[in-house]
Amino acid sequence: QVQLVESGGGSVQAGGSLRLSCTVSGNTVSRYCMGWFRQAPGKELQREGVATIDSDYTTTYADSVKGRFTISKNDAKATLYLQMNSLKPEDSGIYYCAATTSTGSWCRVGNGMDYWGIGTLVTVSS
């Protein structure tokens with residue numbers, strides 16, 4: 001069973017930055033497709049894909065975060081990151097770390113994942 005634990009969420013003013021981390025069990029980070037998703041306040045049934053990073057470090061991003069967010073990973077530390085800059089109030093929500101064994105063409109924003117963390121809350125105030 002893959003375990004993912006997010007950290008780094010918090011409250012920040014618009015224009016500020018946050019860095020999310022996700023520690024992952026086993027060798028998952030190096031072998032799987034990893035991603036970040038978010039769920040906006042009041043939208044409990046909708047999780048939006050934010051960014052993905054494949055086992056070969058190929059990345060994809062949602063249009064809404066391109067140029068502001070950067071996904072990265074450290075295979076040796078089994079950790080996934082999301083650097084978020086120029087934050088906007090609409091970036092607020094619960095951010096989830098996720099993983100899937102499906103790599104290659106499947107590993108892009110919009111596609112599903114197999115394993116999920118419990119999330120970390122990000123609040124951006126105007």
| Apart from Val109 itself, which Ile, Leu, Val, Met, Phe, Trp or Tyr residues share its cluster (side-chain heavy atoms under 4.5 Å, direct or through members)? |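 Members other than Val109 - counting any ILVMFWY side chain reachable under 4.5 Å - there are none.
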| query | With a cutoff of under 4.5 Å between side-chain heavy atoms, which Ile, Leu, Val, Met, Phe, Trp and Tyr residues group with Tyr96? | reply |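 Members besides Tyr96, by chain and number: Phe37, Ile94, Met113, Trp116, Leu121.
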| Arg68 atom CZ, neighbour heavy-atom count above 12 within 6.0 Å |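 Correct, the count exceeds 12.
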| query | Counting only heavy atoms not in Gln83, do more than 12 sit closer than 6.0 Å to its CD atom? | reply | yes
Under a 4.5 Å cut-off applied to non-hydrogen side-chain atoms, are [X] and [Y] in contact?
| X | Y | value |
| --- | --- | --- |
| Leu82 | Arg38 | no |
| Trp36 | Phe69 | no |
| Glu90 | Ser64 | no |

With a 3.5 Å distance limit and no angle check, can you tell me whether [X] reaches the backbone of [Y] through a side-chain donor-acceptor pair?
| X | Y | value |
| --- | --- | --- |
| Ser92 | Val124 | yes |
| Asp56 | Thr58 | yes |
| Tyr61 | Gly67 | no |

| said: Please say yes or no: joined through hydrophobic side-chain contacts below 4.5 Å, possibly via intermediate residues, are Val122 and Tyr81 part of one cluster? | reply: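 Result: no, two separate clusters.
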| query | Do the side chains of Tyr57 and Val29 join up, straight or via other hydrophobic residues, at under 4.5 Å, putting them in one cluster? | reply | yes
| Which atom of Ser126 lies closest to which atom of Pro89, heavy atoms considered | CB-CG, 3.9 Å
| remark: Correct closest heavy-atom pair for Gly104 and Asp54 would be N-OD2, 2.7 Å
Find the distance between [atom1] ([X]) and [atom2] ([Y]) and round it off to the nearest 0.5 Å.
| X | Y | atom1 | atom2 | value |
| --- | --- | --- | --- | --- |
| Ser21 | Leu80 | OG | CG | 8.5 Å |
| Ser55 | Asn27 | OG | CG | 12.5 Å |
| Thr79 | Leu20 | OG1 | CG | 13.0 Å |

| Is the shortest side-chain N to carboxylate O distance from Lys88 to Asp91 below 4.0 Å? | no
| query | Among Thr28, Thr52, Asn111, Asp114, which residue meets the side chain to side chain donor-acceptor pair (under 3.5 Å) test with Thr100? | reply |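 Only one option passes, and that is Asp114.
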| request: Dump the intermediate steps for side chain to side chain contact (heavy atoms under 4.5 Å, CB included) on Ile71 and Met34, then the final yes or no. | output: CA-CA 9 Å; Ile71 188 171; Met34 306 296 301; 5.5 Å; no
